[in-house]
Amino acid sequence: MSTLHTRWYKYRGGNLKMSSTVAVPKLKMSDGREMPALGLGTYLGFDKNAVVPSKNKQLRDVILEAIDLGYRHFDSASIYNTEDEIGEAIKMKIDEGVVTREDIFFTTKLWNTKHKREEVEASVRNALEQSGLDYIDLYLMHWPIGLNADYSFSDVDFMETWRGFEDVHKLGLVKSIGVSNFNKEQLQRLLNEGSVRPVALQIEVHPQIIQEELINFAKSENIVVVGYSPFGSLVQRYGKQFPGPKMDDPVLMEIAQKYGKTSAQVVLRWLVDRNVVPIPKTINPKRLQENINIFDFKLEQDEIEKINRFNSNTRYTEPSFWQTHPYYPFEQVKNPLPDPFRD
Ligand SMILES: NC(=O)c1ccc[n+]([C@@H]2O[C@H](COP(=O)([O-])OP(=O)(O)OC[C@H]3O[C@@H](n4cnc5c(N)ncnc54)[C@H](OP(=O)(O)O)[C@@H]3O)[C@@H](O)[C@H]2O)c1
């Protein structure tokens, strides 16, 4: 039996425990639909100027295991190159009778080089073909930034792109629509000028970027916030360790010990307790199980605040090579990075 399909894990302190399916709660979105309060990230990283692909159906096997554990929400994007293996695993689990299509929440995102209104429908149809699914649960504009095919800046206004989102929503190809990496002013413009409201905002949220203001604004507009890169500095990024709290941080360890959890679980629960939907990525079976076992405890307000104090507004997704674009959503930096898509 392959490791991925073993239903027994050495878990916490070497105890052998039978894995069981976790019932993940759901959050209501403003269009009446529901989103599972935890998702699985599927971005496998960027290496040698290209997105890392799944090899030998590794990601498909992770999704099969994830569905058995109770994951129902999967986060993809056309740029991640994972729509096909996610769709394949979902179809296998539907055929096995483990889930129905309605149990699953599949998110994917429009890439920046497809921002013209008419390109949105073609991109959605491509995602449907890749995944083999007949609708997408949540379609997100990955960035407000439009680019030409050669990655030079395009002058397509993100409101034009949003019209394309409204089109695919009306056609029923996508059940809900939202955005990612928009700042408050951009979100406000979408609310003022759009005819369908965004139901979700996906942004970077972890102990070093707690996003208090943007989260409060989204909440006041009944927009569900999805938090990406939830582990922040706790894990290595781009093969490097960055400054900031690690898994053995005393503040996190103290809270973790109180609840019999790990620091990783405490950080995920910190997001859940702030009504943010974490989408941790893992391809490791033990960590897949660890990351979903966060619905049997709850942090106290003072514990949430202790973690909030790690805030340093640090972003790990900061494409400063686009910072002169008129719709760049973040603060500009002094020394922008070279553009990996062009250089
Ligand atoms: N909208 C956007 O622009 C955007 C940007 C970035 C990310 N995202 C989405 O958000 C997802 C998550 O973000 P991310 O991948 O940047 O970061 P992340 O989920 O915070 O961290 C992933 C890293 O943590 C490790 N890990 C996972 N669970 C762990 C645990 N319990 N203990 C220790 N290490 C653990 C993983 O390694 P193993 O796989 O080896 O476990 C991986 O190296 C992405 O996959 C993607 O779907 C969206």
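All of these numbers come straight from a predicted model, not from anything done at the bench.
The residues Asp75 and Lys281 are annotated as not salt-bridged, no charged nitrogen and carboxylate oxygen being separated by less than 4.0 angstrom. A salt bridge links Lys93 with Glu96: at least one charged nitrogen is closer than 4.0 Å to a carboxylate oxygen. Using a 4.0 Å cut-off between charged nitrogen and carboxylate oxygen, Lys57 and Asp61 do not count as a salt-bridge pair. In this structure, Glu213 pairs ionically with Lys184, as a charged nitrogen and a carboxylate oxygen lie closer than 4.0 Å. Glu166 and Lys170 are not joined by a salt bridge, as no carboxylate oxygen comes within less than 4.0 angstrom of a charged side-chain nitrogen. The pair Glu290-Lys286 meets the salt-bridge criterion, with a side-chain N (NZ, NE, NH1 or NH2) lying under 4.0 Å from an Asp/Glu carboxylate O.
In the hydrophobic clustering of ILVMFWY residues, with side-chain heavy atoms under 4.5 Å counting as a link, Val235 and Leu40 come out together. Cluster membership check: Val156 does not share its hydrophobic cluster with Met141, using side-chain heavy-atom separations under 4.5 Å among Ile, Leu, Val, Met, Phe, Trp and Tyr. No single ILVMFWY cluster, assembled from side-chain heavy atoms under 4.5 Å apart, contains both Ile215 and Ile209. Linking ILVMFWY residues whenever their side-chain heavy atoms come closer than 4.5 Å, directly or via other members, leaves Val333 and Tyr327 in distinct clusters. Note on Phe297: it does not cluster hydrophobically with Met253, by side-chain heavy-atom contacts below 4.5 Å among ILVMFWY residues.
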Go through Leu140 and Leu201 one step at a time and tell me if the side-chain contact (heavy atoms from CB on, under 4.5 Å) criterion holds. CA-CA 8 Å; Leu140 299 177; Leu201 169 70; over 6 Å; no

Report the C-alpha separation of Gln289 and Asn293 in whole Å, then their side-chain angles, then the decisive distance to 0.1 Å, and conclude whether the side chain to side chain donor-acceptor pair (under 3.5 Å) test is met. CA-CA 6 Å; Gln289 190 181 40; Asn293 277 315; 5.0 Å; no

From CA spacing to verdict: side chain to side chain donor-acceptor pair (under 3.5 Å), Asn284, Thr282: CA-CA 5 Å; Asn284 172 292; Thr282 183; 5.0 Å; no

Using the side-chain contact (heavy atoms from CB on, under 4.5 Å) rule, take Val22 and Leu69 through it: C-alpha gap first, then chi angles, then the decisive distance, then the call. CA-CA 6 Å; Val22 175; Leu69 290 169; over 6 Å; no

For Val199 and Leu138: C-alpha separation, side-chain torsions, deciding distance, then whether side-chain contact (heavy atoms from CB on, under 4.5 Å) applies. CA-CA 9 Å; Val199 298; Leu138 175 62; 4.0 Å; yes

Are Glu85 and Ile63 close enough, and set up right, to give a side-chain contact (heavy atoms from CB on, under 4.5 Å), and what steps lead you there? CA-CA 8 Å; Glu85 292 195 17; Ile63 307 288; over 6 Å; no

Between Arg60 and Glu88, is a salt bridge (Lys or Arg N to Asp or Glu O under 4.0 Å) present by the stated rule, with each step listed? CA-CA 7 Å; Arg60 181 200 65 183; Glu88 188 180 341; 3.0 Å; yes

Should Arg125 and Glu121 be marked as a salt bridge (Lys or Arg N to Asp or Glu O under 4.0 Å) after you check the CA-CA gap, both sets of side-chain angles, and the distance that decides it? CA-CA 6 Å; Arg125 291 199 183 276; Glu121 184 181 337; 2.9 Å; yes

Considering only distance and modelled atom types, tabulate donor-acceptor pairs under 3.5 Å from the side chains of residues 26-38, sequence neighbours left out.
residue	atom	partner	partner atom	Å
Asp31	OD1	Arg33	N	3.1
Asp31	OD2	Ser176	OG	2.6
Arg33	NH2	Asp137	OD1	3.1

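Ring centroid separation for the pair Trp143 and Phe330 comes in under the 6.0 Å cut-off. For Tyr259 and Trp270, the ring centers sit 6.0 Å or farther from each other. A centroid separation of less than 6.0 Å is found between the aromatic rings of Phe165 and Tyr139.
Geometrically, Arg101 engages Tyr135 in a cation-pi contact defined by less than 6.0 Å to the ring centre and at most 45° from the axis. A cation-pi arrangement is absent between Arg342 and Phe321, since the terminal nitrogen or guanidinium carbon is not both under 6.0 Å from the aromatic centre and inside a 45° cone about the axis.
Counting heavy atoms of neighbouring residues, nucleotides and ligands inside a 6.0 Å radius, atom CD of Glu118 exceeds 12 of them. Shown here is Lys116, whose NZ atom has no more than 12 heavy atoms of other residues, nucleotides or ligands within 6.0 Å. Heavy atoms of other residues, nucleotides or ligands lying less than 6.0 angstrom from CD of Gln236 number more than 12. Heavy atoms from other residues, nucleotides or ligands lying under 6.0 Å from NZ of Lys219 number more than 12. Summarising the local packing, CG of Asn56 is surrounded by 12 or fewer heavy atoms from other residues, nucleotides or ligands at distances under 6.0 Å. The environment of Asp155 atom CG is sparse: at most 12 non-hydrogen atoms of other residues, nucleotides or ligands sit within 6.0 angstrom.
The two residues Ile86 and Ser76 make their nearest non-hydrogen contact at CD1-CB, 3.6 Å. Counting all heavy atoms, side chain and backbone alike, Leu59 lies closest to Ser54 at N-OG, 3.0 Å. Pro280 approaches Phe231 most closely through the heavy-atom pair CB-CE1, 3.7 Å.
Exactly one residue among Leu64, Leu133, Val99, Asp103 makes a side chain to side chain contact (heavy atoms under 4.5 Å, CB included) with Ile90. That residue is Leu133. Considering Asn181, Ile279, Val179, Val225 in turn, Ile279 is the only one that fulfils the side chain to side chain contact (heavy atoms under 4.5 Å, CB included) rule with Gln202. Exactly one residue among Glu83, Lys175, His73 makes a side chain to side chain contact (heavy atoms under 4.5 Å, CB included) with Phe106. That residue is Glu83. When the options Arg189, Arg163, Arg117 are evaluated for a salt bridge (Lys or Arg N to Asp or Glu O under 4.0 Å) with Asp157, the one that passes is Arg189.
Checking side-chain atoms of Arg274 against main-chain N and O of Ile210 turns up a donor-acceptor pair under 3.5 Å. In this structure, Tyr71 contributes its side chain and Glu65 its backbone to no donor-acceptor pair below 3.5 Å. Counting only distance, with no hydrogens or angles, the side chain of Asn291 and the backbone of Arg287 share a donor-acceptor pair below 3.5 Å. Here the side chain of Gln58 pairs no donor or acceptor atom with the backbone of Lys55 at under 3.5 angstrom.
Below 30°, between 30° and 60°, or above 60°: for Tyr151 and Trp111 the angle between ring planes is between 30° and 60°, a tilted geometry. Below 30°, between 30° and 60°, or above 60°: for Phe182 and Phe158 the angle between ring planes is above 60°, a perpendicular geometry.
For the pair Thr107/Ile136, no side-chain contact is recorded, criterion being any heavy-atom separation below 4.5 Å from C-beta on. Side-chain contact between Thr113 and Asn148: absent, with no pair of heavy atoms (C-beta onward) separated by less than 4.5 Å.
Not counting sequence neighbours, the partners of Tyr316 by the ring-ring contact (aromatic ring centres under 6.0 Å, His included) test are His206, Phe242. The side chain to side chain contact (heavy atoms under 4.5 Å, CB included) search around Glu305 returns Gln301, Asn308, Arg309, not counting sequence neighbours.
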